[in-house]
Amino acid sequence: MADAAVFRSGFVTIVGRPNVGKSTLCNRLVGRKVAITSSRPQTTRNRIHGVRTTPHTQIVFVDTPGIHKPRTALGERCNDTSLAAMREVDALCWVVDGTATIGPGDRFVADAVRGTGRPAVVVVNKVDRAPAARIAEALAAASELVAEAVAFIPVSAREGEGVDDLARELEGLLPEGPQYYPDGMTTDQPERFLAAELVREKLLERTRDELPHSIAVAADEFETEGDVLHIRAVVYVERNSQKGIVIGAGGRTLKAAGTAARRELEALFGMKVFLETVVRVEKDWQRRDAALDRLGF
Ligand SMILES: Nc1nc2c(ncn2[C@@H]2O[C@H](COP(=O)(O)OP(=O)(O)OP(=O)(O)O)[C@@H](O)[C@H]2O)c(=O)[nH]1
Ligand SMILES: [Mg+2]
C-alpha cells in the first residue's frame, strides 16, 4: 500500500499498432477527451499528453501514433515520434487489439518495448467485442512476446471495464515525484491544435479509402471577439480531385463535419463558436519534408 504522505508521479507512454484503441484508452484514463479517435488507422499523428491526477498520484500519459510499416515521409515521422516517446519514461503501456490476431505488426512493437528495458504493462483491449477464448489467446500470445511484462490486463477502453485495474497497476510503478501539472489540467495541447484535431476527426469518419490519410487540418485563426470564439480551420488535401470529395455534393460533407466539430468545440470551450472551414490543396504533403515541417509534424 502506498504511503499517503508520499506523492508519486511519472510518465507512461501508450504504444501499439494503429487502431488498437490507444487514444480511446488515453481518454478513458484521463477522464476527458484529450486525443481524437476514429475507426481509420493512423488517426494520431503527434505525441499527446493526457494527465490523470488523484490526491496522491499523477500519471502523465503519452499517447502516440500507431507504429506501422511506413509508406510516406509522414508515416516515418509518426513512427519516429512513437519510438522516441518510449525512451526515458517510467513505464510503457503496450496495447493490443483483443478482437484481432497478434501478428508481425504487434511483434515489431513488442520488440521495441523490450528494447527500452522499461517496465511494461500489456493491455488487451476491446474485450467488449471479443469472446473470452479470443481474449485468452491474445493474452497468451502477448505474454510470449513480452514475457517480462509486469502485468497483463484485459480492458475495454470504450466501456471502461478493467481501466481502473490498469491505472492502479501503473500507479504502482511510479516513483516518488512532484505534481507536474496543476489539478484539473488534463492536457498541455494548445487549444488551437485541439480545434484543428476535432475538425479532422469529424472528417475522418466521413471519408473513405486513402482520403483520411490525405487530410491535414490547421487552425490559422483562433480569436475571441466578444463572447464568440472565431476559428478558421484550413483543411489540406493532396490533390485537386480530393477537394471535391471533402467538400461533398452541395458542400454537404464539409458542412456536416463542421457542424459536428463546432458543437463539440462549444461544449469544450464553454462558449459560442463560429467555425469557418476552407479546403486547400497542398500537393503530396505526406511525402514532402518541407510541407510536413510547415504542418507541424
Ligand atoms: N469495441 C471497442 N472498440 C474500441 C475500443 N477501444 C477503441 N475502440 C475503437 O477502435 C477504433 C480505434 O480507436 P483509437 O483509439 O482511435 O485507436 P488508436 O490506437 O489510437 O489508433 P491510431 O491513432 O490510428 O494509432 C475506434 O473506432 C474506437 O472506437 C474498445 O474497448 N472496444
Ligand atoms: Mg490514436
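Whatever order the structure lists them in is the order used to number ligands and atoms, beginning at 1. Numbering starts at 1 and runs along the sequence shown.
Between Val155 and ligand 1, a contact under 3.5 Å exists for no N or O pair. At least one N or O atom of Lys22 sits closer than 3.5 Å to an N or O atom of ligand 1. Considering backbone and side-chain atoms alike, Val20 places an N or O below 3.5 Å from some N or O of ligand 1. Of the N or O atoms in Val127, none lie within a sub-3.5 Å distance of an N or O in ligand 1. Considering backbone and side-chain N/O of Ala157, one or more are found under 3.5 Å from N/O of ligand 1. Note: no N/O pair closer than 3.5 Å links Glu159 and ligand 1 by distance alone. Between Arg158 and ligand 1, at least one pair of N/O atoms sits closer than 3.5 Å.
For atom 13 (O) of ligand 1, the closest non-hydrogen atom of the protein is Thr24 OG1, 3.5 Å. In terms of protein heavy-atom proximity, atom 6 (N) of ligand 1 is nearest to Asn125 ND2, 3.1 Å. Closest to atom 10 (O) of ligand 1 among all protein heavy atoms lies Lys126 NZ, 3.1 Å. Among all non-hydrogen protein atoms, the one lying nearest atom 16 (O) of ligand 1 is Ser38 N, 3.2 Å. The protein heavy-atom contact nearest to atom 21 (O) of ligand 1 is Asn19 N, 3.0 Å. The protein heavy atom nearest to atom 32 (N) of ligand 1 is Asp128 OD1, 2.7 Å. Here the heavy atom of the protein found nearest to atom 17 (O) of ligand 1 is Gly21 N, 3.1 Å.
Aromatic ring centres of His56 and Phe7: separated by at least 6.0 Å. Taking the six-membered ring for Trp, Phe269 and Phe222 have ring centres closer than 6.0 Å.
Between the Mg ion (ligand 2) and Thr24 there is no N/O/S contact shorter than 2.8 Å. Distances from the Mg ion (ligand 2) show that Thr37 has no N/O/S atom below 2.8 Å.
Atom CZ of Arg47 has 12 or fewer neighbouring heavy atoms from other residues, nucleotides or ligands inside a 6.0 Å radius. Heavy-atom contacts from other residues, nucleotides or ligands closer than 6.0 Å to CD of Glu148 number more than 12. When the shell of 6.0 Å around CD of Glu221 is examined, it contains more than 12 heavy atoms from other residues, nucleotides or ligands.
Electrostatic pairing of Glu238 and Arg287 does not count as a salt bridge here, judged by no charged N lying under 4.0 Å from a carboxylate O. One finds a salt bridge joining Glu282 and Arg288 here, because a Lys/Arg side-chain nitrogen approaches an Asp/Glu carboxylate oxygen to under 4.0 Å. No salt bridge links Arg168 with Glu171; every basic N to acidic carboxylate O contact stays at or beyond 4.0 Å. Classification of Asp289 and Arg77 as a salt-bridged pair holds, one side-chain N sitting under 4.0 Å from a carboxylate O. No salt bridge links Arg262 with Glu276; every basic N to acidic carboxylate O contact stays at or beyond 4.0 Å.
For ligand 1, the atoms sitting less than 4.0 Å from at least one non-hydrogen atom of Gln42 are 24 (O), numbered in the order shown with element in parentheses. Atoms of ligand 1 lying under 4.0 Å from at least one heavy atom of Gly66, given by number and element, are 25 (O). If you number the atoms of ligand 1 from 1 as listed, the ones under 4.0 Å from a heavy atom of Ser156 come out as 31 (O).
Assignment of Gly16 to the shell around ligand 1 is not supported, since no heavy atom sits closer than 4.0 Å.
No hydrogens or angles considered: a donor-acceptor pair under 3.5 Å links the side chains of Ser214 and Gln242. Checking Gln179 against Ser9 by side-chain atom types alone, no donor-acceptor pair falls below 3.5 Å. Checking Thr44 against Ser23 by side-chain atom types alone, a donor-acceptor pair falls below 3.5 Å. Side-chain contact check for Thr37 and Arg158: no donor-acceptor pair (N or O, by modelled atom type) lies under 3.5 Å.
The OG1 atom of Thr44 and the OG atom of Ser23 subtend an angle of 90° at the Mg ion (ligand 2), given to the nearest 10 degrees.
Residue Ser39 touches ligand 1 through backbone and side chain together, judged by heavy-atom distances below 4.0 Å. Proximity of Ala35 to ligand 1, defined as any heavy-atom pair under 4.0 Å, is not found for any part of the residue.
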